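Just dropping this structure here.
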Amino acid sequence: MDWHMQKLKHVVDSGDFNRAAVDVVFQEALKMEKIRPGSPESRVLDGYIMSTLFYEPSTRTRLSFESAMSRLGGTVLSTESAGEYSSAAKGETLEDTVRTVEGYADCIVIRHFQEGSAKRAAAVASVPILNAGDGPGQHPTQALLDLYTIQREIGRLENIKVGMVGDLANGRTVRSLCMCLSMYPGVEVTFVAPDVVRMRDDVKDYLTQRGVKWTEVSDLREVAGHVDVLYQTRIQRERFTDMDSYNAARGKYIIDKELMKILQPHAVVMHPLPRVDEITTDVDADPRAAYFRQARNGLYVRMALLKLCLADKMGPDDLKK
């Protein structure tokens, strides 16, 4: 698969993408928005089978992948709570599960609770592996749909200011998004998080090495008035072993109607969802609340990725067209 000008057939790590690859995904995603049921374009994956292996709960990611495959004419094989209802409950390794399932499907979408699990799966797979989240590690398809949303909402990816708020230590979405944003000049990132869930040093080092300006602050109101994108995340209770730490972090940074008064007119609020109480529901009606549009964009981006991974074999010459 040469559609991203690299000898990679999997989508497991945001760092594997370059700008040419992202541009191709975006071009395809725009086409996906226009596909209608019954059209020839809606049958491009007819005969292909996608398997979803989700060891962690999911609503948007799983359903959007399954909807994406169905809207392109493909078939879905799925297991609910793979850790409990697959042979993993009997002690089967992830690698053996992947080797088995690839005999039934043309690609595998996997979500797992262990960081690095998608790379383990890709190391033994002969079919494309798409990482739907590996613990607190990576979520590359979310990063791509986030970029796509920013492009659609703000109109550019260069020279933007992004405020990332909430559980940044465990937030695989913000980690992956930082890696993708580093490809674009003039990006500035501000981290706003409780002390117990501050952004990890590996991401800060990654940004520094690529010349991306980043800062950490404690005042959300200070940040809100200066960013183009305010990216909120929930405090992830399931990642905590100490409930005292969880309770100390929860509820510290909340986006409400009062905070929205500070936000610039062109700016948007994003959230990978689900939310708990970190964005109040009265913000939903504000046109700058982009999180449900963001979720819908996930369908188009994942349709594009499935088409590129399964049906297209694009080389460098195709990227020039």
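Every value quoted in this text rests on a predicted model; they were computed, and no experiment measured them.
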Say whether, by atom type as modelled, one donor and one acceptor occur between the side chain of Ser64 and the main chain of Thr61 under 3.5 angstrom. yes
When rounded to the nearest 0.5 Å, the distance separating CD1 of Ile49 from OH of Tyr104 is 11.5 Å
For Val11 and Cys309 the tightest heavy-atom approach is CG2-SG, 4.0 Å
Does the side chain of Leu177 reach to within under 4.5 Å of the side chain of Leu147, using non-hydrogen atoms? yes
Smallest heavy-atom separation, Ile154 atom then Val268 atom, equals CD1-CG2, 4.2 Å
*If we only count heavy atoms from C-beta on, is the Cys180 to Val22 side-chain gap below 4.5 Å?*
no
Task: Side-chain donor-acceptor pair present, Thr233, Glu278, cut-off under 3.5 Å - done: no
- Query: Under 3.5 Å, is there a donor-acceptor pair between the Gln264 and Asp228 side chains?
  - Reply: no
Apply side chain to side chain contact (heavy atoms under 4.5 Å, CB included) to Ile150 and Met270, showing your working. CA-CA 9 Å; Ile150 295 170; Met270 295 173 60; 3.6 Å; yes
Checklist entry - With distance as the sole criterion, is a donor-acceptor pair present between the side chains of Gln209 and Asp205 under 3.5 Å? => result no
Tell me whether Val187 is reachable from Tyr206 by hopping between hydrophobic residues (I, L, V, M, F, W, Y) whose side-chain heavy atoms are closer than 4.5 Å. no
Q) Do Arg210 side-chain atoms and Val212 backbone N/O form a donor-acceptor pair below 3.5 Å? A) no
Between the CG atom in Asn131 and the OG atom in Ser176, the distance rounded to the nearest 0.5 Å is 7.5 Å
CG of Leu220 to CD1 of Ile262, rounded to nearest 0.5 Å, is 8.0 Å
Separation between CD (Gln294) and NE2 (His271), nearest 0.5 Å, reads 9.0 Å
message: Side chains of Glu92 and Thr97 only: does a donor on one sit below 3.5 Å from an acceptor on the other?
response: yes
* Is there side-chain contact between Met32 and Glu28, with heavy atoms separated by less than 4.5 Å? -> yes
Q.
For a 4.5 angstrom cut-off between non-hydrogen side-chain atoms, does Leu72 reach Ile35?
A. yes
Under the side chain to side chain contact (heavy atoms under 4.5 Å, CB included) rule, what do Thr59 and Leu63 come out as? Steps first, then yes or no, please. CA-CA 6 Å; Thr59 302; Leu63 292 184; 4.2 Å; yes
Kindly determine whether Tyr231 and Val174 satisfy side chain to side chain contact (heavy atoms under 4.5 Å, CB included), including the steps that lead there.
-> CA-CA 8 Å; Tyr231 194 105; Val174 287; 3.7 Å; yes
**ILVMFWY network linking Tyr184 to Leu207, side-chain heavy atoms under 4.5 angstrom** = yes
* To do: State whether the side chain of Gln232 and the backbone N or O of Tyr253 hold a donor-acceptor pair below 3.5 Å, judged by distance alone.
  => yes
| According to a 4.5 Å side-chain heavy-atom criterion applied to Ile, Leu, Val, Met, Phe, Trp and Tyr, with indirect links allowed, do Val162 and Met179 form part of one hydrophobic cluster? | no
For Val301 and Leu145 the tightest heavy-atom approach is CG2-CA, 3.8 Å
### Query
Taking it one step at a time, do Met199 and Trp214 satisfy side chain to side chain contact (heavy atoms under 4.5 Å, CB included)?
CA-CA 11 Å; Met199 180 58 79; Trp214 62 268; over 6 Å; no
What one should report as the nearest heavy-atom pair of Leu157 and Ile160 is O-CG1, 3.7 Å
Answer whether the closest heavy-atom distance between the side chains of Val197 and Leu168 falls below 4.5 Å.
no
Taking the basic N atoms (NZ, or NE/NH1/NH2) and the acidic carboxylate oxygens, is any pair closer than 4.0 Å for Glu41 and Lys31? no
Stacked cation flag Arg302 on Phe65, 6.0 angstrom / 45 deg
yes
Under 3.5 Å, side chain of Arg175 to main-chain N/O of Val203, donor-acceptor pair present?
no
Below 4.5 Å, heavy atoms only, C-beta onward: do Met164 and Leu181 meet side chain to side chain?
-> yes
Salt bridge (Lys or Arg N to Asp or Glu O under 4.0 Å) with Glu33: of Arg293, Arg71, Arg152, Arg296, only one passes, and it is Arg152
Tightest non-hydrogen contact, residues Arg36 and Ser42, listed as O-CB, 3.7 Å
- With the side chain counted from C-beta on, respond yes when Thr75 and Met69 share a heavy-atom pair under 4.5 Å apart, and no when they do not. no
Output for pair (Asp277 CG, Arg234 CZ), nearest 0.5 Å, gives 11.0 Å
Carboxylate-amine/guanidinium contact Asp134 Lys119, below 4.0 Å
no
Can Leu310 be reached from Leu77 by stepping across I, L, V, M, F, W or Y side chains whose heavy atoms are under 4.5 Å apart?
no
Smallest heavy-atom separation, Gly163 atom then Val223 atom, equals CA-CG1, 4.2 Å
Taking Glu102 for the side chain and Ser126 for the main chain, is one N or O donor matched with an acceptor at less than 3.5 Å? yes
Rounded to the nearest 0.5 Å, the CZ atom of Arg60 sits from the CG atom of Leu299 at a distance of 14.0 Å
Requested in this report: Without swapping roles, check the side chain of Arg200 against the backbone of Ala169 for a donor-acceptor pair under 3.5 Å.
Outcome: yes
Quiz item: Side chains of Val12 and Gln138: closer than 4.5 Å at any heavy-atom pair?
Solution: no
Would you say Phe292 has more than 12 foreign heavy atoms packed within less than 6.0 Å of its CZ?
-> yes
Under 30°, 30 to 60°, or over 60°: which ring-plane class applies to Tyr55 and His112, parallel, tilted or perpendicular?
-> tilted
Handout entry: Arg111/His139 under side-chain hydrogen bond (donor to acceptor under 3.5 Å, both in side chains): CA gap, chis, key distance, verdict
Key = CA-CA 9 Å; Arg111 168 170 288 190; His139 200 345; 3.3 Å; yes
